[in-house]
Protein chains: 2
Amino acid sequence: MRSYICGIFSNDMFSKSCEYAIKAMIFIAQKSQPETRISIKEIAGGIGAPEHFIAKILQELSRKKLLHSIKGPNGGFYLTKADYKTSLADIVKVMDGDKIYNVCVLGLKSCSPKNPCPVHDEYKEIKKNLISMIEKNTIGTFNQKLHSGKLHLKTRN
Amino acid sequence: MRSYICGIFSNDMFSKSCEYAIKAMIFIAQKSQPETRISIKEIAGGIGAPEHFIAKILQELSRKKLLHSIKGPNGGFYLTKADYKTSLADIVKVMDGDKIYNVCVLGLKSCSPKNPCPVHDEYKEIKKNLISMIEKNTIGTFNQKLHSGKLHLKTRN
DNA sequence: ATATAAAAAGACAGGATACTCTTTTTATAT
DNA sequence: ATATAAAAAGAGTATCCTGTCTTTTTATAT
Ligand code: FES
Ligand code: FES
């Protein structure tokens, strides 16, 4: 058995970058009042991610307008009201592209009913649910749940 | 956006090794009559995998008794009747371990209701379906479908 | 204007998966 | 017994994600 730690099946469901991106968005939503800015250091500590690594990710999210930032003293990251409508799917697409919609679980060039791999039919429904889930859930909905106090963001339990 | 090709979400659902393992098992089941042996070369060609790479994978599957092999002239790989009962879950466990049962999609140390990450509840049902799917589907069931002629194994369409 | 604080950007190191190449072992046929 | 064919095993390479470090840019406060 390979020692590689895997996700749903063999790999992580999300890339590490994508995991951190989702957690960071949720953390910022939770911590920031509208227009309050949070620093990279605070975010990194809050979600248990390497500081310089999460910095890169925040830059990417910022470039794609999923969050906003201001440089200089008292600067930092923040979300606008509109940003709370960002879905998990939006984040995943920014971090890893839209492969989710056409990737075959067995590695065929593309997933389609015309060229189905052996597990295509079995996976079809699951895939639909997965996509529906990440499209429906937004940062705002997670934020509400977090305030109920039972959810965790840090890697180490 | 990173150029990394991803699976369900960001990563491949299965590792490449696991994909090849599943395809190889299905291919062998399809090609071999009981006790007929198939060579590495034939398997590699049949599923579109690198020859020496699939060799390693077949060795691993063989060590774990998911398939059988004989060395020497006229040697090769084959499946016994019992081997047809191998489930996708069995293969995944051999190739990548049983992380599927306790990995958190957001990278927490473990997935549990006591320490839920923000997407835990949304993911719970999907995870159940995924696990159920790979546990129910066996090499034998795929083999029957393959013989209907519409399924594909090779990476390139 | 200057110092400062914070993000943005660039370059680099580590580790794991994916893949290749070579040698060894073993069973078969002659 | 010997040659041969095929899997088993070992060693090494490439690529990519992950993570670290340093420098640059920019906005703020004094
Ligand atoms: S073709 Fe493989 S999952 Fe659709
Ligand atoms: S705790 Fe994250 S998926 Fe269960």
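Throughout, protein chains are lettered first and strands after them, A, B, ... in sequence-line order, and every chain is numbered starting at 1.
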Report the secondary structure of DNA chain D in dot-bracket form, marking unpaired bases with a dot and bases paired to a different strand with |, and treating Watson-Crick or G-U pairs with both distances under 3.5 Å as paired.
||||||||||||||||||||||||||||||
Pairs where residues 124-133 of chain A contributes a residue and the test salt bridge (Lys or Arg N to Asp or Glu O under 4.0 Å) is met, not counting sequence neighbours:
A/Asp121-A/Lys124, A/Glu125-A/Lys128
Look at the side chain of B/Lys93 and the backbone N and O of B/Asp98, then say whether any donor-acceptor pair between them is shorter than 3.5 Å.
no
Whole-Å distance between C/dA13 P and A/Phe53 CZ?
18 Å
Tell me: NZ of B/Lys16 to C1' of D/dA14, nearest whole Å?
16 Å
Going 5' to 3' through nucleotides 1-9 of chain D and flagging B where a protein heavy-atom sits under 4.0 Å of the base, S where only the sugar-phosphate is that close, and - otherwise, we get ---BBBBBB
How many whole angstroms separate atom CD of A/Glu51 from atom P of D/dT22?
13 Å
What is the distance, to the nearest angstrom, from the CD atom on B/Glu60 to the P atom on C/dA18?
14 Å
Who are the side-chain hydrogen bond (donor to acceptor under 3.5 Å, both in side chains) partners of B/Thr138, not counting sequence neighbours?
none
OP1 or OP2 of C/dA18 less than 4.0 angstrom from a side-chain nitrogen or oxygen of B/Tyr20, does that happen here?
no
ring-ring contact (aromatic ring centres under 6.0 Å, His included) partners of B/Phe77, counting only residues at least two apart:
none
Check whether any side-chain N or O of B/Asn115 sits under 3.5 Å from a backbone N or O of B/Ser112 as a donor-acceptor pair, and report yes or no.
no
Does the pair B/Glu60/B/Lys64 count as a salt bridge with the N-to-O cut at 4.0 Å?
yes
Excluding sequence neighbours, so at least two apart, what forms side-chain hydrogen bond (donor to acceptor under 3.5 Å, both in side chains) with A/His68?
A/Asp83
Please determine if B/Lys56 forms a cation-pi arrangement with B/Phe53, meaning its NZ or CZ atom is less than 6.0 Å from the six-membered ring centre and no more than 45° off the ring axis.
no
Whole angstroms only, please: what is the CZ-C1' distance between A/Phe14 and D/dT18?
18 Å
